[in-house]
Amino acid sequence: MLFKRQFLLLLSALIVSLLITACSSFGDHSLHPQLMGQNEAANKQLPAQWQGQKNNSIPSTYRWGFAIPSDVQHMLDKLSNDNISLQVATIKRQQAGLDLELTSGEQLPDVKLSISSRRFETTSSQGKSWQGQYSIGANASWEVDLWQRLADDIKQKGALYQAQHYELEALTQSLQAQLLINWLNLIEQRKLLELNRKNVINQKRRLHMSEVRLDRGLGASIDVRNTKTRLLRLQEQQQQIIYKRDVTTRQLKRLLGEYPSTIFKASTTLPEFSAGPDWLTPHDILLNRPDVLTAEQKLIGAGYAWQASEKKRLPKLAFNFGFNSRQTHLADIFDLDTWLASVTSSLVQPIFYRGVLKTQAQKAQLQQQSAWLSYQNILMKAWQEVESAIQHEQLLSKRLAYLTHAYQQAHGVEQQVEIQYRSGLATSFELLSAQRTRTDIASDVIKLTVSRLKNRVQLQLALGLPTPASSNKRIAKL
């Protein structure tokens, strides 16, 4: 008897040792190795003047790089509430939250309880009598999270929920940027239309002047034809500008959830251009851009999924309880000794389907590697967008300065040629050429001014600054 007890103890110790050895070789896959300690490594590689800098708060009216009028700010707020794409993204985030709750519920014991009673009549030598019978059934099972596999599942769902949160934020910023760009396009079309109408009025005046010169014998019929051709060209351009304006208006209505409403009002004044943004450290940009945060959370979630898949190959410890009793007295049902005798436990080690579990773990590992490559690609894309927008900011500023000076010169030339044309010292071709040069430059100045504002929107979006929700804050752990 003593030998048997010692043998069982040695066997138990051997099993425990094997389990500990099997689990000790299991690593933490929740984060990619190159992500661990990235903050300290990044700070060591940064220039000294960038280390320890903090992002200065930006007024909400200048968050996009220029002053936002109150009616446009109202449009941005309305977009956040009424846009259909944002509503769909919100539903997906809610679904991810429910998935997290369902996964968390898997750690709770599974309990089934049934209670019944019935009363029946019996006949004996003493006569008829009524007797009662009570029955109760209880079944419960609970898997002990011995290796934190279920905890990894919860963390994986939590990371996916946070990824959905950041995806919603990224979509919000993207749609707000689209709204601002369409609003700036609408201002551009309206200003081009205003410039076109002034040119049409000016061309009609010159057509009348050419006809008067023709009647007086100072001009030729070809001058009148050239002037009419230019007038018709301007009128054709006017129709094209009107079409672009209406298309942009419909796009704005759709973003705001108001399409096909016919009423739409928005500010038509170009916003005040603020000074250039304070360039952020790379670390700040990584914390502000929601697309980078989304990729990071998906990478973390893929790591936890791989980790959970590896742990499925380890033994499972489960407690099971089953009880069924029928008694004629209600008090006998709740006999504690009877209940405790029904408690069992099991320690299951996968054997025959270990190959399937290994394949599932390898698949999860590949998904984690794919998420890591996607994360790197998002980082490179972020740097490219920031670098391109900064360069474009500088080039647009120089181009606008050149065009402004060119417009002053072209306007002076046009006035001088018109005076010479009245005096018969210049031909209609020279006047039309000077007029075309001035109108083209004026049109380019409008387009370039708006392009600079649109690039500022793209720059702010690339830096991750547009909304207060992205200012170095993570959502709370659930």
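When reading the values below, keep in mind they use all heavy atoms of this one structure, side chains included, and skip hydrogens, waters and symmetry mates. What you are looking at is a predicted structure, and each value in this text was computed from that prediction instead of being measured.
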Interatomic spacing from [atom1] in [X] to [atom2] in [Y] - rounded to 0.5 Å:
{"X": "L86", "Y": "L255", "atom1": "CG", "atom2": "CG", "result": "9.5 Å"}
{"X": "Q362", "Y": "Q367", "atom1": "CD", "atom2": "CD", "result": "12.5 Å"}
{"X": "T249", "Y": "L186", "atom1": "OG1", "atom2": "CG", "result": "4.5 Å"}
{"X": "Q148", "Y": "Y304", "atom1": "CD", "atom2": "OH", "result": "11.0 Å"}
{"X": "K78", "Y": "D71", "atom1": "NZ", "atom2": "CG", "result": "13.5 Å"}
{"X": "L293", "Y": "Y375", "atom1": "CG", "atom2": "OH", "result": "8.0 Å"}

So does [X] pair up with [Y], basic N to acidic O under 4.0 Å?
{"X": "E393", "Y": "R456", "result": "yes"}
{"X": "D153", "Y": "K157", "result": "no"}
{"X": "R289", "Y": "E385", "result": "yes"}
{"X": "K198", "Y": "E194", "result": "yes"}

For a 4.5 angstrom cut-off between non-hydrogen side-chain atoms, does [X] reach [Y]?
{"X": "T269", "Y": "P69", "result": "no"}
{"X": "Q408", "Y": "H405", "result": "yes"}
{"X": "L373", "Y": "Q376", "result": "yes"}
{"X": "S374", "Y": "K298", "result": "no"}
{"X": "H165", "Y": "E169", "result": "yes"}
{"X": "Q164", "Y": "E167", "result": "yes"}
{"X": "I242", "Y": "Q238", "result": "yes"}
{"X": "Y161", "Y": "R93", "result": "yes"}

Tested for side-chain contact (heavy atoms from CB on, under 4.5 Å) against L403, the lone hit among T449, I446, L448 is L448

Name the residue from V72, I68, L184, L180 that meets the side-chain contact (heavy atoms from CB on, under 4.5 Å) definition with P271. L184

Search all heavy atoms of [X] against all heavy atoms of [Y] and return the closest pair with its distance.
{"X": "L171", "Y": "S85", "value": "CD2-O, 3.6 Å"}
{"X": "L168", "Y": "A89", "value": "CD1-CB, 3.6 Å"}
{"X": "L396", "Y": "R452", "value": "CD1-CA, 3.7 Å"}
{"X": "L195", "Y": "S443", "value": "CD2-N, 3.7 Å"}
{"X": "A462", "Y": "V386", "value": "O-CG2, 3.6 Å"}

State whether the number of non-hydrogen atoms from other residues, nucleotides or ligands found under 6.0 Å of [X] atom [atom1] is greater than 12.
{"X": "Q391", "atom1": "CD", "result": "no"}
{"X": "R245", "atom1": "CZ", "result": "yes"}
{"X": "Q384", "atom1": "CD", "result": "no"}
{"X": "I84", "atom1": "CD1", "result": "no"}

Backbone of [Y] reached by a side-chain donor or acceptor of [X] within 3.5 Å:
{"X": "N185", "Y": "I181", "result": "yes"}
{"X": "S104", "Y": "L100", "result": "yes"}
{"X": "T248", "Y": "K244", "result": "yes"}
{"X": "N455", "Y": "S451", "result": "no"}
{"X": "N182", "Y": "Q251", "result": "no"}
{"X": "T404", "Y": "L400", "result": "yes"}

Do we see a donor-acceptor contact under 3.5 Å between the side chains of W383 and E387? no

side-chain contact (heavy atoms from CB on, under 4.5 Å) between L453 and W64, worked out: CA-CA 9 Å; L453 289 167; W64 288 95; over 6 Å; no

Pair L463-N288, side-chain contact (heavy atoms from CB on, under 4.5 Å): steps then yes or no: CA-CA 7 Å; L463 293 174; N288 287 335; over 6 Å; no

Mind running side-chain contact (heavy atoms from CB on, under 4.5 Å) on S309 and Q365 for me, showing each step along the way? CA-CA 9 Å; S309 298; Q365 181 182 4; over 6 Å; no

Are K191 and L270 close enough, and set up right, to give a side-chain contact (heavy atoms from CB on, under 4.5 Å), and what steps lead you there? CA-CA 10 Å; K191 287 191 172 296; L270 283 175; 3.7 Å; yes

